[in-house]
Every structure is written in structure tokens, then in C-alpha cells.
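As the structure is a prediction and not an experimental result, all values here were calculated from the model.
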Amino acid sequence: MLKLSNISMEFGALKTLNDLSIELKEKEIVSVIGPNGAGKTTLFNVITGLYKPTSGSVKLGSQEMLGLSPAEINRAGIARTFQNVRLFLNMSVLENVMSATFGRTRSGLFSSALGLKRSRKEEAEVKEKAQELLKFFGTRLTGYRWDQPAFSLSYANRRRLEIARALATDPKVLLLDEPAAGMNPKETQEITEIVGSLRAERGLTILIIEHDMHVVEGVSDRVVALDYGVKIAEGDFDHVATHPDVVEAYLGKGSTATK
């Protein structure tokens, strides 16, 4: 579904990704872990077209993504969330999700400005789609919350809303950048269940960056560990979590792994 081959990314003399290759199968959940500065978010920025790598290839199915704009990559089927939540805070919850679909609507500015029948019909369809996506997250983002401004939401619900907005673009592959960051244990468990449901109920292939090892262990088919832009381990959670190079990257040389 998604194949990264020999990706390198350099900023002057600094190499943030070094000959990195990762492959995701359809409906697979793969977690990327590593200490701060390992190159995890740079990887997402390369996949989504924010950065142009020094070398390598990024393919969605058989289609090459490198050279496409972020908007073109999104239309091809890749959506993401961000490490720092990026919402339209003064827009309502419902409007935030609807905003992700307008780049795909067919009605032009003239039709929308005049409120023509076609434009009204399409806006009603967009609104209904946004409501259905928000229902996926249960009562936390439904009912009266649809009309609330995004700034009134708790941090955890802002995270959920950002995922809902990404889903509105109908992705095949979803990239989640630290979805459990800043959450308490209950919220973390809920987001773990949401990630699993995104695969089970919506058929998504998911690449996730996460520091919380409970989340990583709970959702991952495979785990990839990075350090200074280099893949130092790959496999199931137990293999990677106890790998000597991973333990050293997190705890320092001479440390021993404990389960």
C-alpha cells in the first residue's frame, strides 16, 4: 500500500533520514518509534510532500508521490495529523471537518455565492458526511458539540477532531503523529481503541508515530525504531522493545532491557 525506498533527507550537513526503507501492507498498522530527533516527523513530512528528500522513492500502490504537491498527495489517498494539533479554532467542530472536503467539491465560486440548487445539495451532502465521521468518535464529538467552536474542546477532543478532519479526505493511508500525546491513561486507552477501529471498520492502512509504548504495543502489527534517521530495528513489539540498539538509543550505552 505504501512503500518508502532508500529515503535520505539532508538539511545542509545535517542528515535527518539515512537510506530509510519502510513498507506497509494493506490494512497494516505500523508504529515508528525513536528518541527525540530520530527523524520521525521528518519522515511524515517527506511522505506528505512538505519536504523533498535528497534521494529515494515514496509510492502509494504503484504511483510515485515524490514531486507531487501536498494537496495532490492528499487527493491520491494519504492524510495526516500533526504533532501539534492544527485546527481552525474559531470554526465549529462540524465546520472543521467540512473544511477538509471543499477542495473536492464540484460547485464553483459562482454557484456557491448565488446559493444555486447544485451548490446547496452538495453542501448538505458534505455536512451529512461530516456528521457521520464525528459519530465515529461517540458522544465526545456529537450532538451539541457540532456547533461548538473548536477552541472550547478539551485537548483530547481536539486530537479526535483532527483525526475526523483527516478522515474527511477519504484516505487510503492515514499518518498519525503522536495521537496520544498529552492524554491521561483513560484517554490513551480510548485513542488506542480508536486506532484499531480505524483499521477494522474503515479499512485504513495506518503509520503512527508514538512515544507511549502502551499505545504502540496495543495497536501495532510491526514496529520500526529510528535513531538519527537510521532504522535500527524492525519487527513485532517485543522484538523491537528489547532490541539492544533500541534500548541504547533510549537509555544510553550499557543499559539492559527489562520487560
Student: Please examine the side chains of N90 and P149, heavy atoms only from C-beta on, and report whether any two atoms are closer than 4.5 Å.
Tutor: no
Student: Find the distance between CD (E26) and CG (L2) and round it off to the nearest 0.5 Å.
Tutor: 12.5 Å
Student: Say you draw a straight line from CG of L174 to CZ of R202; how long is it, rounded to the nearest 0.5 Å?
Tutor: 10.0 Å
Student: Tell me, do F237 and S31 make a side-chain contact under 4.5 Å, heavy atoms counted?
Tutor: no
Student: Once rounded to the nearest 0.5 Å, what's the spacing between atom CD1 of I232 and atom CG of D227?
Tutor: 5.0 Å
Student: Please tell me if the side chains of E234 and V32 come closer than 4.5 Å, counting only heavy atoms from C-beta onward.
Tutor: no
Student: Mind checking whether V223 and H239 have side chains closer than 4.5 Å, heavy atoms only?
Tutor: no
Student: Could you walk me through whether D221 and V30 satisfy the side chain to side chain contact (heavy atoms under 4.5 Å, CB included) test, starting with their C-alpha distance in whole Å, then the side-chain angles of each, then the deciding distance to 0.1 Å, before giving a yes or no?
Tutor: CA-CA 6 Å; D221 297 310; V30 175; 5.7 Å; no
Student: Counting C-beta onward and ignoring hydrogens, is there a side-chain heavy-atom pair between V93 and N157 closer than 4.5 Å?
Tutor: no
Student: With hydrophobic residues grouped by side-chain heavy-atom distances under 4.5 Å, do V126 and F88 end up in a single group?
Tutor: no
Student: Please tell me if the side chains of L60 and I78 come closer than 4.5 Å, counting only heavy atoms from C-beta onward.
Tutor: yes
Student: Give the cluster check for I194 versus Y155: same hydrophobic cluster or not, with ILVMFWY residues linked at side-chain heavy-atom distances below 4.5 Å.
Tutor: yes
Student: Below 4.5 Å, heavy atoms only, C-beta onward: do N96 and R158 meet side chain to side chain?
Tutor: no
Student: Rounded to the nearest 0.5 Å, what's the gap from CG on L94 to CG on L161? Could you check?
Tutor: 10.0 Å
Student: Can S57 and S5 be counted as having a side-chain donor-acceptor contact under 3.5 angstrom?
Tutor: no
Student: Against D177, only a single residue in T81, T41, N84 fulfils side-chain hydrogen bond (donor to acceptor under 3.5 Å, both in side chains); can you say which?
Tutor: T41
Student: Could you tell me whether E187 and R159 have a side-chain N and a carboxylate O separated by less than 4.0 Å?
Tutor: no
Student: Identify each donor-acceptor pair in which a side-chain atom of residues 42-49 lies under 3.5 Å from a protein atom, sequence neighbours left out, and give them as a table.
Tutor:
unit_1	atom_1	unit_2	atom_2	d
N45	OD1	R80	NH1	2.7
T48	OG1	F44	O	2.8
T48	OG1	R80	NH1	3.4

Student: Taking only residues two or more places apart in sequence or in another chain, which ones pass ring pair (Phe, Tyr, Trp, His ring centres under 6.0 Å) with H211?
Tutor: none
Student: So E123 and M98, do their side chains get closer than 4.5 Å, heavy atoms only?
Tutor: yes
Student: Is it true that a side-chain atom of N74 and a backbone atom of P70 form a donor plus acceptor pair closer than 3.5 Å?
Tutor: no
Student: Given the rule that I, L, V, M, F, W and Y join up when any side-chain heavy atoms are under 4.5 Å apart, are L176 and I191 in one cluster?
Tutor: yes
Student: Report yes or no: is the cationic atom of R145 (NZ for Lys, CZ for Arg) under 6.0 Å from the centre of the six-membered ring of F137, at an angle within 45° of the ring normal?
Tutor: no
Student: Find the distance between CD (E210) and CD (E178) and round it off to the nearest 0.5 Å.
Tutor: 6.0 Å
Student: Sequence neighbours excluded and cut-off under 3.5 Å, please list the side-chain donor-acceptor pairs for residues 16-24, or say none.
Tutor:
unit_1	atom_1	unit_2	atom_2	d
T16	OG1	M9	O	3.2
D19	OD1	N6	ND2	2.9
S21	OG	N6	N	2.8

Student: Decide yes or no on salt bridge (charged side-chain N to carboxylate O under 4.0 Å, His left out) for R222 and E28, but give the supporting numbers first.
Tutor: CA-CA 8 Å; R222 281 187 296 120; E28 190 175 27; 2.9 Å; yes
